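Reviewing the structure listed below.
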Amino acid sequence: MIDFGRVTFVKSAPTVKDKPGATLPEIVFVGRSNVGKSSLINALTGHVVAKVSSKPGKTVLLNYYNVDDKFYLVDAPGYGYTISGTRHVESFAAMMEDYFADNQSLKGVVFLIDARHAPSKDDCAFHEFLINRRLPYLVVYTKADKSNQKERAAFKSALEASNFARVPGIATSTVDRTGFDTLKARLGALLK
Ligand code: GDP
């Protein structure tokens, strides 16, 4: 189980070449913009490190946080939003291709999906990418507190029709901390 004792912001890297000099194992958090990534990082670590936004699509950098000098928690840019009519997905894909290419420090990907909406085309494409690259990953379904029973059933059917069907996921909520212990335990296992 991961303990988030001291969490410090190290740097924002516009490209992988700008990542911190010191090498530590890395866990990267990825998901579409507004999925609740910043909220989850803050609540999980118990530190206000990532900026929670009311407007989607603020993070366009890889943000590195040092956790107890044990690993870097890397906050990746959210994908799937539009800037002046141009979809951000191409630059996101290029950045992530770069990030994942031959990254020996990468121990796992925390892949966030909003539990209220069926996985989007971009979610399924990124999932395909993770599978093809054989990268170790966890799927986290965020904002679990927001759905009622009917919505949960609809979400489950949507998953069954997608490439998430056979992947066990962790439902989380920053409101009541659902799933936090499981997520911390799974992160610990990735880092072993
Ligand atoms: P990001 O763009 O992925 O970093 O998403 P944010 O963390 O900025 O969250 C987007 C919105 O969702 C904000 O209004 C958050 O308050 C809300 N949110 C995030 N996580 C949860 C959750 O677990 N429960 C509820 N009810 N709202 C959440």
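Indexing begins at 1, ligand by ligand and atom by atom, following the structure's order. The shown structure was predicted, so the numbers you read here are calculated from the model rather than taken from an experiment.
- Proximity of Leu112 to ligand 1, defined as any heavy-atom pair under 4.0 Å, is not found for any part of the residue.
- Between Thr174 and Phe180, the shortest heavy-atom contact is CA-CZ, 4.1 Å.
- Side-chain N/O atoms of Ser12 and Asn63 include a donor and acceptor closer than 3.5 Å.
- Each of the atoms 22 (C), 23 (O), 24 (N), 25 (C), 26 (N) of ligand 1 lies under 4.0 Å from some heavy atom of Asp145.
- There is no side-chain donor-acceptor pair under 3.5 Å between Tyr65 and His47.
- Proximity of Lys146 to ligand 1, defined as any heavy-atom pair under 4.0 Å, is confined to the side chain (atoms from C-beta onward).
- Residues Phe111 and Phe164 place their aromatic rings such that the two centres sit under 6.0 Å apart.
- Ring geometry for Phe126 against Tyr79 counts as tilted: the plane angle lies between 30° and 60°, on a 0 to 90° scale.
- Inclusion of Thr172 in the set of residues having an N or O under 3.5 Å from an N or O of ligand 1 is not warranted.
- Checking only distances, Val35 does come within under 3.5 Å of ligand 1, N or O to N or O.
- Heavy atoms of Val175 come nearer than 4.0 angstrom to ligand 1 in at least one pair.
- Within the structure, ligand 1 lacks Gly31 among the residues with a heavy atom less than 4.0 angstrom away.
- Counting non-hydrogen atoms of other residues, nucleotides and ligands closer than 6.0 Å to CD of Gln149 gives a total of 12 or fewer.
- Proximity to Ser173 (heavy-atom distance under 4.0 Å) selects the following atoms of ligand 1: 23 (O).
- No N or O atom of Ser33 sits closer than 3.5 Å to an N or O atom of ligand 1.
- Checked for salt-bridge contact, Glu26 and Lys19 meet the test: a charged N lies under 4.0 Å from a carboxylate O.
- The distance from ligand 1 to the heavy atoms of Gly36 drops below 4.0 Å at these ligand atoms: 1 (P), 3 (O), 5 (O), 6 (P), 7 (O), 9 (O), 19 (C).
- Around CZ of Arg133, the count of heavy atoms belonging to other residues, nucleotides or ligands within 6.0 Å exceeds 12.
- Residue Ser39 holds the heavy atom nearest to atom 9 (O) of ligand 1 of all those in Ser39, Pro77, Ala144.
- Residue Asn34 places at least one N or O, backbone or side chain, under 3.5 Å from an N or O of ligand 1.
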